[in-house]
Number of protein chains: 2
Amino acid sequence: MKGAPVSAFKLDDFLPYQLTVLSSRVSAGFSKHYRNAYGISVSEWRVVAHLSQADSVSVREIHARVDMDKPKVSRAASRLEAAGYVTKTINPQDRRLVELSLTPKGRDMIAALTPIARDYEAQLSAVLGEADQAFRDRVAALSAALEDETDLDRD
Amino acid sequence: MKGAPVSAFKLDDFLPYQLTVLSSRVSAGFSKHYRNAYGISVSEWRVVAHLSQADSVSVREIHARVDMDKPKVSRAASRLEAAGYVTKTINPQDRRLVELSLTPKGRDMIAALTPIARDYEAQLSAVLGEADQAFRDRVAALSAALEDETDLDRD
DNA sequence: GGCAGCTTGTTGTGTGTGAAATGAAAGGTG
DNA sequence: CACCTTTCATTTCACACACAACAAGCTGCC
């Protein structure tokens with residue numbers, strides 16, 4: 001019994017680990033629906049998805065709302081622009097701001113992906129069964145509880 | 001009403017997005033406990049945590065059990081070896097295998113981190129309240145349901 | 001025994017990432 | 001109005017990642 005751990009730590013039962021694995025699988029399961037069809041990454045999907053709710057939005061706005069740092073948003077926007085899904089225009093009132101807008105091609109993409117996203121979410125809900133709403137509430141509660149800890153909003 | 005989305009897609013309410021944000025926050029909240037103190041990353045933490053349950057384990061074993069691909073395990077192991085937390089020895093029976101073992105220094109680290117991990121998990125459980133076990137069951141159920149989809153076990 | 005084929009681990013390669021630095025524009029103060 | 005500070009976006013740099021190629025070792029079949 002030389003190196004026998006006194007009280008073994010079970011990584012498989014560790015909630016942070018489980019959540020990372022789950023999150024990775026859920027994202028992978030959905031991203032394969034748009035990665036092949038449209039050649040966009042998760043970051044790009046998030047930007048486009050946010051643009052579907054509010055057209056003409058600055059990089060800063062997306063950075064604040066979509067849990068991505070500024071360089072990530074900036075690069076995702078550039079890739080989306082190069083792919084023809086988004087246009088970048090400088091705001092005339094405040095010329096520091098870069099307003100992002102969906103092109104018709106971008107709108108077509110989000111129009112096609114929205115039902116796919118809803119279907120995918122419905123599949124997840126089916127697995128969760130009647131506990132669906134309770135589960136979502138717990139996710140939100142945990143997320144909110146940790147929000148301030150990760151509160152590094154020094155820009 | 002030119003670009004008004006017909007039925008807006010709410011990224012904030014999208015479960016895959018919520019889970020990614022949650023997972024990121026939970027991991028960040030815990031990793032800050034060992035990042036500063038020991039200078040190790042999440043990958044390295046996982047390897048060490050797994051070694052705490054089963055000493056002397058091959059890279060392949062960790063790859064299979066810890067949701068990391070082979071290069072990631074290999075590089076994490078090399079960094080841990082350089083930092084003096086693990087040793088790598090070639091298995092004499094099968095000289096392809098590299099057995100990883102914790103050094104005393106590595107055992108000290110995991111001994112110090114285990115109670116911190118348990119405390120952190122207890123905090124999460126406190127937020128979840130009586131729904132704790134139900135929540136974990138749902139996490140496991142979802143993860144299991146998606147396991148086969150991500151089943152790219154072509155090594 | 002020798003060669004084909006598999007397994008294991010490491011190393012390359014192109015890409016993405018995050019932190020800090022930079023550039024560019026607006027606001028505030030004397 | 002000049003100067004300084006703040007804000008926004010991009011770029012730089014060092015590093016991590018994923019996928020693929022690779023070298024080394026084992027196995028089995030003839």
Side-chain angles (χ1 to χ4, degrees), chain A residues 20-21 23-25 27-28 31-32 35-36 39-47 50 56-83 86-101 150 152-155, chain B residues 20-21 23-25 27-28 31-32 35-36 39-47 50 56-83 86-101 150 152-155:
Chain A
T20 300
V21 172
S23 154
S24 162
R25 286 183 184 169
S27 284
S31 70
K32 77 179 192 325
R35 175 173 289 280
N36 292 331
I40 64 172
S41 71
V42 175
S43 301
E44 288 143 36
W45 150 256
R46 283 197 199 171
V47 169
H50 185 71
S56 198
V57 164
S58 70
V59 170
R60 183 190 187 290
E61 171 85 1
I62 296 182
H63 156 59
R65 290 185 176 268
V66 158
D67 194 56
M68 290 166 60
D69 60 4
K70 284 188 303 177
K72 207 170 174 179
V73 175
S74 178
R75 295 184 199 275
S78 294
R79 289 191 292 261
L80 286 167
E81 185 189 33
V86 157
T87 59
K88 298 199 289 189
T89 58
I90 294 176
N91 184 321
Q93 275 74 41
D94 185 340
R95 298 177 51 204
R96 293 169 304 182
L97 302 179
V98 173
E99 304 286 346
L100 303 179
S101 300
T150 326
L152 317 167
D153 44 3
R154 43 193 177 208
D155 194 46
Chain B
T20 301
V21 172
S23 154
S24 163
R25 287 181 184 171
S27 285
S31 70
K32 78 179 195 314
R35 173 174 291 280
N36 291 332
I40 64 172
S41 70
V42 176
S43 301
E44 288 143 35
W45 151 255
R46 283 196 199 170
V47 170
H50 185 71
S56 198
V57 165
S58 71
V59 170
R60 182 189 185 288
E61 171 85 2
I62 296 181
H63 156 60
R65 290 185 176 269
V66 159
D67 196 55
M68 290 167 60
D69 61 2
K70 285 187 303 178
K72 208 170 172 178
V73 175
S74 177
R75 289 182 159 123
S78 294
R79 288 190 294 261
L80 286 168
E81 185 189 33
V86 307
T87 58
K88 298 199 289 189
T89 57
I90 295 175
N91 183 320
Q93 275 75 41
D94 185 340
R95 295 177 53 204
R96 293 170 304 181
L97 302 180
V98 173
E99 304 287 346
L100 303 178
S101 300
T150 325
L152 316 167
D153 43 6
R154 46 214 182 182
D155 196 12

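Source: prediction; values computed, not measured. Quick note on labels: first sequence line is chain A, next is B, and so on, each numbered from 1.
- Not counting sequence neighbours, Arg95(B) has no partner by the salt bridge (charged side-chain N to carboxylate O under 4.0 Å, His left out) test.
- When the side-chain nitrogen and oxygen atoms of Ser74(A) are compared with OP1 and OP2 of dA9(D), none of them lie within a distance under 4.0 Å.
- Atom CZ of Arg65(A) has 12 or fewer neighbouring heavy atoms from other residues, nucleotides or ligands inside a 6.0 Å radius.
- Rounding to whole angstrom units, CG of residue Asp67(A) and C1' of dT17(C) are separated by 14 Å.
- For His63(A) and dT7(D), the NE2 to C1' distance is 11 Å, given to the nearest whole Å.
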For nucleotides 19-25 of chain D, give me one character per nucleotide, 5' to 3': B if any protein heavy atom sits under 4.0 Å from the base, S if the only such contacts are to the sugar-phosphate, - if neither.
BB----B
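- Residue Lys72(A) has a polar side-chain atom (N or O) positioned under 4.0 Å from OP1 or OP2 of dG18(C).
- Between Glu81(B) atom CD and dG9(C) atom C1' the separation is 13 Å, expressed in whole Å.
- For Glu99(B), there are no salt bridge (charged side-chain N to carboxylate O under 4.0 Å, His left out) partners at least two apart in sequence or on another chain.
- Per the geometry, CD belonging to Gln93(B) stands 16 Å off P belonging to dT8(C), to the nearest Å.
- Every residue two or more places apart in sequence or in another chain that forms a side chain to side chain contact (heavy atoms under 4.5 Å, CB included) with Ser78(A) is listed here: Lys88(A).
- Positionally, the nearest nucleotide of DNA chain C for Leu97(B) lies more toward the 5' end than for the other of Glu44(A) and Leu97(B).
- Look at CZ on Arg35(A): it is 11 Å from P on dA18(D), rounded to the nearest Å.
- Residue contacts for Ser78(B): at a heavy-atom cut-off of 4.0 Å it reaches no nucleic acid atom on any strand shown.
- For the salt bridge (charged side-chain N to carboxylate O under 4.0 Å, His left out) test, residues two or more places apart in sequence or in another chain that qualify with Arg96(A) are Asp94(A).
- Remark: Ser101(A) engages Asp55(A), Ser56(A), Thr87(A) in a side chain to side chain contact (heavy atoms under 4.5 Å, CB included) (not counting sequence neighbours).
- Within the helix from dG1(C)-dC30(D) to dG30(C)-dC1(D), the inter-axis angle between the opening and closing five-pair segments is 0°, rounded to 10°.
- Summarising the geometry, atom OG belonging to Ser31(A) is positioned 9.0 Å from atom CG belonging to Asn36(A); distances are rounded to the nearest 0.5 Å.
- Distances shown here put every side-chain N or O of Arg60(A) at or beyond 4.0 Å from the OP1 or OP2 atom of dA26(C).
- As judged by a 4.0 angstrom heavy-atom cut-off over every strand, Ser41(B) is placed among residues making no nucleic acid contact.
- Listed by chain and number, the residues in a side chain to side chain contact (heavy atoms under 4.5 Å, CB included) with Val21(B) are Asp67(A), Ser143(A), Tyr17(B), Arg25(B) (sequence neighbours excluded).
- Using a 4.0 Å cut-off, no side-chain N or O of Ser58(A) falls inside it from OP1 or OP2 of dT7(D).
- Under the side chain to side chain contact (heavy atoms under 4.5 Å, CB included) criterion, Val73(B) pairs with Val59(B), Ile62(B), His63(B), Met68(B), not counting sequence neighbours.
- Atom CH2 of Trp45(A) and atom P of dG16(C) are 19 Å apart (whole Å).
- Remark: C1' of dA26(C) and CD1 of Ile90(A) are 14 Å apart, rounded to the nearest angstrom.
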